[in-house]
Trainee: 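Can you keep this structure in mind? I'll have questions shortly.
Just so it is clear, the model here is predicted, and its values are computed rather than measured. Below, read A as the first sequence line, B as the second, and so on, with proteins coming before strands; counting in each chain starts at 1.
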Protein chains: 2
Amino acid sequence: MQKRMLAAMRPADLAAQPARWQQQKSARTRARLVDAAIDCLVEGGYPGLTTQQVAERTGVSRGAMHHHFPTRFDLVAAVIEHVFYQRMRLFLDDYLAGLAGAEESELVALATAAHWRSVQGREYAAYLELAVAARTNAELDGVFAPAARRYDEVWISEMIESFPYWRERWETMKRAHDFVIAAHMGILLQRPVVGEERTAQMTDLIAHFAQSLYAIP
Amino acid sequence: MQKRMLAAMRPADLAAQPARWQQQKSARTRARLVDAAIDCLVEGGYPGLTTQQVAERTGVSRGAMHHHFPTRFDLVAAVIEHVFYQRMRLFLDDYLAGLAGAEESELVALATAAHWRSVQGREYAAYLELAVAARTNAELDGVFAPAARRYDEVWISEMIESFPYWRERWETMKRAHDFVIAAHMGILLQRPVVGEERTAQMTDLIAHFAQSLYAIP
DNA sequence: CATAAAACAGGCAGTAATGCTGGTTTTATT
DNA sequence: AATAAAACCAGCATTACTGCCTGTTTTATG
């Protein structure tokens, strides 16, 4: 439960303790820029992520921004790293926090619930915008797809570490993992049209199906 | 199986037999413009749907385009109607075509398979782009959300008509319907990262779960 | 303390998209 | 055939975004 795989992928924006003050200051503004970019993404989608907006939100001049991120796409690439990392970290923090003194039979339900919570955060909203935009933007896909596959492997590694009870049934675990991730994404997108009641019914259904995958060998 | 509800919602673009030739010509160019707009949507996402691109693809001048669709958003609104209608029509055509001589127990599997096929068409790709863009675009959402809710009701009506066998279990049917739609959407978005093999496993899983909803009362 | 380098600021040209306007051709009406 | 209306065309002004460029301040180094 050490999140070893994930820890190795921490992006430069979230560095722990930089040596020089100047580097620290630089890292701080970079982080602020990336954070503002995520806000833009959440509020205006991928087309709403403009350098002007980011500069205006952070108070950083466009010139300074050009120093940290020469082109708009450099900023987008940094956002991608940040979003993948944070999305996974927030899920793991939530899941591991609620794990104390849990029965083995509850683990799947706890993980499913934690994932549904994680899906409602702004990091996931930004991730979704990027994922959809990458479908129709070759340049973006060139950075997004490799990152997605990288984190998919990390995610599986973490799951194997967190679910030692199903050591001999990793294939089943992977299928359940894929299923929950895809289903929650779809539910999130359908939520505005079906409303809260049917959304809740669907999440319950997903949890039930995920459980059934483990219950039946 | 008459698609009565759906037939009542056919957009003006797809009118059957207009009276005057001029109106027919007008409807034809309108349809061409909407069709080109869908191509833009599929290839470049919502930001790629520009009036210039549409005019260039169709060969229609921007001035003529302004005559049919005074503003860009008028075109988008027409696209929304078209996409909702076509997405549902293509699914129903496919499903009803494969229905001849089918066992009652196969219906759920047939419907699920037909829906997964429909999800891979360009109409659905356009729908997805609009759905995601509407999340961060209030003006777009103002047209998209009502249309989505309208077609959600039509969809349910058609399902009730197509599945008379579960007359007394409409709630179960609705839940299965919601589940398959959401799950397929999520699978489609996850497909580029998980690959074809895991995608196929997921669709099989969805079909199995949908079936189980009916099998167990 | 002097000098280099890093971080920051503001502004300018190029590009592309939108909405609109004046003018032209084609079709319908009487 | 004459007139009105619908469909079509080309171009202009505005807006907004990107990329880059020249300076200025702050921090590190010898």
Side-chain angles (χ1 to χ4, degrees), chain A residues 12-13 15 17-34 36-37 39-41 43-79 129 133 136-137 139-140 143, chain B residues 12-13 15 17-37 39-41 43-79 129 133 136-137 139-140:
Chain A
D13 294 331
Q17 294 296 341
R20 312 294 177 192
W21 184 17
Q22 200 164 169
Q23 289 179 15
Q24 188 175 344
K25 192 178 179 185
S26 176
R28 195 180 300 268
T29 31
R30 279 180 64 96
R32 275 173 54 210
L33 289 170
V34 169
D39 285 337
C40 287
L41 223 40
E43 293 178 23
Y46 189 69
L49 171 44
T50 75
T51 57
Q52 286 188 347
Q53 273 289 322
V54 172
E56 197 173 321
R57 282 170 186 266
T58 56
V60 174
S61 70
R62 285 186 29 80
M65 212 177 135
H66 178 75
H67 176 74
H68 293 285
F69 301 101
T71 168
R72 179 189 114 107
F73 195 71
D74 294 317
L75 174 62
V76 171
V79 168
E129 293 293 338
T136 57
N137 186 328
E139 186 189 20
L140 179 59
V143 177
Chain B
D13 294 331
Q17 295 296 341
R20 313 291 178 194
W21 185 17
Q22 200 164 167
Q23 289 179 17
Q24 188 174 344
K25 193 179 180 185
S26 176
R28 193 179 302 268
T29 32
R30 278 180 64 96
R32 274 173 55 209
L33 289 170
V34 169
D35 205 59
D39 284 338
C40 287
L41 224 39
E43 292 177 23
Y46 190 68
L49 171 42
T50 75
T51 57
Q52 285 189 348
Q53 272 290 321
V54 171
E56 197 173 322
R57 282 170 186 266
T58 56
V60 174
S61 72
R62 288 183 28 82
M65 209 176 138
H66 180 260
H67 176 75
H68 294 285
F69 301 103
T71 169
R72 179 189 114 108
F73 195 71
D74 293 317
L75 174 62
V76 170
V79 168
E129 294 293 337
T136 56
N137 187 328
E139 186 189 20
L140 179 59

Trainee: Round to a whole Å and report the spacing from CG of A:Leu33 to P of C:dA7.
Mentor: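 Going from A:Leu33 (CG) to C:dA7 (P), I get 12 Å.
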Trainee: Roughly how far apart are A:Thr136 OG1 and B:Leu49 CG, rounded to 0.5 Å?
Mentor: 11.5 Å
Trainee: How do A:Phe73 and B:His68 order along DNA chain D: which one's closest nucleotide is nearer the 5' end?
Mentor: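 On the 5' side of the pair lies B:His68.
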Trainee: From B:His66 NE2 over to B:Thr51 OG1, what is the distance, rounded to the nearest 0.5 angstrom?
Mentor: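 One finds 10.5 Å between NE2 of B:His66 and OG1 of B:Thr51.
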Trainee: Which nucleotide in the list D:dT18, C:dT18, C:dC8 gets nearest to the side chain of A:His67?
Mentor: C:dC8
Trainee: Round to a whole Å and report the spacing from CG of A:Asp74 to C1' of D:dC20.
Mentor: 14 Å
Trainee: What is the distance, rounded to the nearest whole Å, between atom CE of A:Met65 and atom C1' of C:dA6?
Mentor: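 Checked: the CE to C1' distance equals 18 Å.
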Trainee: The side chain of B:Arg62 lies closest to which of these nucleotides: C:dA7, D:dG11, D:dC8?
Mentor: D:dG11
Trainee: From CZ of B:Phe69 over to C1' of C:dT18, roughly how many Å is that when rounded to an integer?
Mentor: 16 Å
Trainee: Whether A:Thr50 contacts D:dA16 is assessed here as follows: a side-chain N or O lying under 4.0 Å from the phosphate OP1 or OP2. Is that the case?
Mentor: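 False: A:Thr50 side-chain N/O out of range (4.0 Å or more) of D:dA16 OP1/OP2.
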Trainee: To the nearest 0.5 Å, what is the distance between CG on A:Asp74 and CG on A:Leu33?
Mentor: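 So the gap between those two atoms works out to 12.0 Å.
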Trainee: Should A:Phe69 and A:Val79 be marked as a side chain to side chain contact (heavy atoms under 4.5 Å, CB included) after you check the CA-CA gap, both sets of side-chain angles, and the distance that decides it?
Mentor: CA-CA 11 Å; A:Phe69 301 101; A:Val79 168; over 6 Å; no
Trainee: To the nearest Å, give me how far apart CZ (B:Arg30) and P (D:dC8) are.
Mentor: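 After rounding, the gap between these two atoms is 11 Å.
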Trainee: A:His66 side chain: which of D:dT18, D:dC20, D:dA7 is closest?
Mentor: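 Looking only at heavy atoms from C-beta outward on A:His66, the closest nucleotide is D:dC20.
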Trainee: Side chain of A:Gln52 only, heavy atoms from C-beta on: which candidate in D:dC17, C:dA9, D:dC8 is closest?
Mentor: D:dC17
Trainee: From the set C:dT18, D:dG19, D:dA6, return the single nucleotide nearest to any side-chain atom of A:Thr71.
Mentor: D:dG19
Trainee: Within this structure, what is the CD-SG distance for the pair A:Glu56 and A:Cys40, rounded to the nearest 0.5 Å?
Mentor: 9.5 Å
Trainee: Counting heavy atoms from C-beta on, name the nucleotide in D:dC8, D:dT18, C:dA9 closest to the side chain of A:Ser61.
Mentor: C:dA9
Trainee: Among C:dA7, D:dA7, C:dA9, which nucleotide sits nearest the side chain of A:Ala64?
Mentor: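 Closest nucleotide among those given: C:dA9.
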Trainee: Counting only side-chain nitrogens and oxygens, does B:Thr51 get under 4.0 Å of the OP1 or OP2 atom of C:dT18?
Mentor: yes
Trainee: To the nearest angstrom, how far is B:Arg72 atom CZ from C:dA16 atom P?
Mentor: 17 Å
Trainee: From CG of A:Leu49 over to C1' of D:dA16, roughly how many Å is that when rounded to an integer?
Mentor: 15 Å
